[in-house]
Amino acid sequence: MDSLAIVKTNYNVELIESKIILTRKKELTSSTKNIATAIAQISRHKKNTVHVLEKPKKTYKDILAMDIETTHATPLLGEIKVISVYGKDLQLVTEDVNEVRHLLNDTEVLKVFHNASFDVTWLRTHGFSVKSYTDTLVMSQILNNHAKKGNSLKEIAKTKLGVDLNKAYQHADNWVGELTEEHKKYALMDAKATYEVFLKFSKAISEKHLDIVLDREINAMDAIIELNMNGIQFDYTGWESELKDMEVESTQLLETLRSTLSLPTLNLQSPIQVKAALHEFGIPVEGTADEVLAKFEDQFAVIKELRRYKKLRKQLNSYGEKLKNAIDSDGRLRGNWKLCGTDTFRMTCKEPNLQGMPGISKPYFKARDGHTFIVADYSTIELRILAEITQDKELVQAFQSGEDLHNKTAAFVFGKGSSEPISSTERKVGKIINFGLVYGMTKWGLQKKINAALDHPIELYEAEAFRSRYFELYQGVLAYQDEMIRSDFILTLGGRYWTEGHCMLPKGAIARFNYPIQSSCAEGLKESLTLFLQDRKQTWQLAAVVHDEIVLEVPDSEVKEASQFLKDCMIGGMGCIVKQIPIEVDINHAKYWVK
DNA sequence: GCCATCACG
DNA sequence: ACGTACGTGATGGCA
């Protein structure tokens with residue numbers, strides 16, 4: 001059979017410039033690892049990464065052995081205008097997707113798209129089955145180690161192939177009327193470029209030992225396509241009655257605040273105006289952020305009202321009318337999900353951001369008739385990953401014995417004996433310390449955070465004392481941070497890495513602590529999603545994925561079975577990444593999105 | 001277009 | 001060691 005490759009580009013590629021250009025070019029005293037040891041390390045990971053429930057789907061190597069086929073489709077105003085196919089022995093451009101229906105469905109032909117989740121979502125939504133596909137966007141993200149920079153087909157074609165793709169033709173204005181030869185030429189050029197990029201990237205990924213990373217992402221891609229398609233039902237009528245109360249209260253507060261501050265036209269949504277007004281009123285705020293205002297709440301009633309007002313405006317502005325307009329005709333909210341949305345390869349979602357819905361709105365996300373949501377989340381997963389990475393004796397011991405880590409930390413920093421009880425305030429402090437110091441929080445940051453959460457403020461020296469006590473207990477964490485600062489090679493538990501010559505190392509020291517943990521967590525979650533997709537019943541559908549949480553929508557009668565299965569997938573998937581620390585999953589179910 | 005702010009993890 | 005905890009998306013104000 002002939003080799004083909006299917007490529008598709010969308011005309012709405014979004015590029016967000018990164019603004020963080022911190023340059024910390026400290027002497028990276030080549031700590032331990034050079035590239036050779038890196039590769040050895042990654043190979044070891046590769047061997048260890050075994051799915052617990054079932055062997056993985058097709059691996060990337062298997063896919064390469066197949067015939068390759070490429071399509072390029074140009075969506076226009078939400079529709080695919082043309083689809084072009086470029087392969088070694090097949091090249092075509094057509095307005096009728098039916099012409100490639102068999103090709104899309106053929107498991108023996110690998111389809112290559114640029115930004116596959118977009119195209120496959122469209123195709124499946126329009127009744128085309130798409131089997132065996134891969135994505136040059138994800139390949140580019142893996143090779144660049146950047147999620148949103150330099151991954152457009154245009155840029156890649158330019159830098160990797162030296163080809164100028166004229167993207168101007170993709171503009172809607174250029175597609176009015178008949179399809180001309182000119183159109184076809186450009187469409188085919190995109191497909192050809194994608195085909196060539198694919199071949200180039202395949203080689204590079206293999207050379208850099210990133211096959212397991214690519215496999216993991218591609219295997220999980222069906223999950224976000226499903227999220228794109230399914231959406232999640234939202235009861236706006238119910239939410240609206242909540243909004244109405246908020247609107248009334250907000251209007252009253254606006255009036256009260258303006259009158260108290262003697263400024264009848266004051267815009268309370270303007271930080272500049274509010275700050276000036278409060279100064280005039282005799283309150284020396286340094287800003288108008290909530291944690292700043294909180295310090296003055298006890299002294300001034302006006303601050304309490306202002307905080308409430310700001311909270312209400314946030315809900316109303318971001319999740320009111322805006323949300324209503326996002327609801328599809330079938331009553332469901334559909335986001336635009338990305339598989340590798342962040343540089344740590346966490347997933348993201350926008351328009352609307354279903355990963356950022358406020359807790360107060362969650363009860364209005366409702367399962368369809370006869371269905372129930374299963375909401376499962378990992379318990380303290382990032383701290384468990386920290387334990388796995390650092391092998392810190394105390395952390396490992398705490399998790400293996402099932403000890404409450406926040407209590408443990410609190411007991412130690414407060415110098416409590418083993419039999420002395422830990423108050424809820426002390427545990428709260430323990431929690432802040434655990435989460436904050438993992439990422440290199442300083443004494444200033446720690447003081448600020450603790451003071452924002454507690455009634456009685458602490459002094460800087462106290463925060464400093466907590467910090468030293470923490471590192472006294474968890475010496476492995478200190479050693480890890482020290483290592484990460486100096487290292488010129490940073491590795492995740494699943495085989496991603498940052499090093500000179502392959503990708504940019506994270507710039508700031510703090511990002512160096514955080515990247516391996518957040519990335520490893522994302523890797524484990526994707527392994528879980530793959531396990532889920534492999535063996536779930538078709539009636540168990542993904543409704544949302546929020547970093548450490550998976551929400552399913554399942555028939556009422558299958559809640560128990562699906563819950564157990566999901567839990568097994570989540571523990572098994574994370575277990576591919578985290579091998580020595582036990583993984584715990586909390587699982588709930590309800591007719592709405594329970595917290 | 002950038003900043004400050006705040007929703008989520 | 002950095003610059004004061006990481007990663008996002010969305011909003012309104014402001015220049």
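The structure displayed is predicted, hence computed values, not measured ones. A note on names: the letters A, B, ... follow the listed sequences, proteins ahead of strands, and every chain is numbered from 1.
The side chain of A/Q273 contributes an N or O atom lying less than 4.0 Å from OP1 or OP2 of C/dC14. For C/dA10, the OP1/OP2 oxygens have no side-chain nitrogen or oxygen of A/K314 closer than 4.0 Å. Regarding contacts with the backbone of B/dA7, every side-chain N or O of A/Y319 stays at 4.0 angstrom or more from both OP1 and OP2. A close approach under 4.0 Å does occur between a side-chain nitrogen or oxygen of A/K322 and OP1 or OP2 of C/dG12. Phosphate contact (OP1/OP2 of B/dT5, side-chain N/O of A/T288, threshold under 4.0 Å): present. The phosphate of C/dG13 has OP1 or OP2 within less than 4.0 Å of a side-chain N or O from A/N267. OP1 or OP2 of B/dC6 sits under 4.0 Å from a side-chain N or O of A/K310.
A/Q447 has its side chain out of reach of A/E462: every pair of non-hydrogen atoms, C-beta onward, lies at least 4.5 Å apart.
With distances taken from any side-chain atom of A/A509 to the nucleotides C/dG3, C/dA1, C/dG7, the minimum falls on C/dA1. Comparing atom distances between the A/A511 side chain and each of C/dA10, C/dC6, C/dA1 picks out C/dC6 as nearest. Proximity note for A/T442 (side chain, C-beta onward) versus B/dT5, C/dG3, B/dG9: the nearest is C/dG3. For A/K148, the listed nucleotide lying nearest its side chain is C/dG9; candidates were C/dG9, B/dT5, B/dG9. Between C/dG12, B/dT5, C/dA5, one nucleotide has an atom nearer to the side chain of A/P271 than all others, and that is B/dT5. Looking at the side chain of A/P358, the nearest of the listed nucleotides C/dG7, B/dA7, C/dG3 is B/dA7. When distances are taken from the side chain of A/Q315 to each of B/dA7, C/dT8, C/dA1, the shortest belongs to B/dA7. Nearest to the side-chain atoms of A/I272 among the listed nucleotides C/dC14, C/dA10, C/dG3 stands C/dC14.
Less than 6.0 angstrom separates the ring centroid of A/W498 from the ring centroid of A/Y515. Note: A/F489 and A/Y497 meet the aromatic proximity criterion, with ring centroids under 6.0 Å apart.
Only the P atoms considered, C/dC2 is 30 Å distant from B/dC6, to the nearest whole Å. For the P atoms, the distance linking B/dT5 with C/dA5 amounts to 15 Å, nearest Å.
Partners of A/E382 by salt bridge (charged side-chain N to carboxylate O under 4.0 Å, His left out), not counting sequence neighbours, listed by chain and number: A/R346.
For the residue pair A/W593 and A/E549, a side-chain donor N or O sits within less than 3.5 Å of a side-chain acceptor on the partner. Side-chain contact of A/E155 with A/S152: a donor-acceptor pair under 3.5 Å is present, judged by distance alone.
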Base-pair map of DNA chain C as dot-bracket, where | denotes pairing with a different strand and pairs are Watson-Crick or G-U under 3.5 Å: .....|||||||||.
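Counting non-hydrogen atoms under 4.0 angstrom, A/Y515 reaches the backbone sugars and phosphates but no base. When heavy atoms are screened at a 4.0 angstrom cut-off, A/K595 is found touching the sugar-phosphate backbone but no base atom.
Put simply, the side chain of A/R313 and the base of C/dG12 share no donor and acceptor less than 3.5 Å apart.
In this structure, the side chain of A/R258 engages the main chain of A/L266 through a donor-acceptor pair within 3.5 Å.
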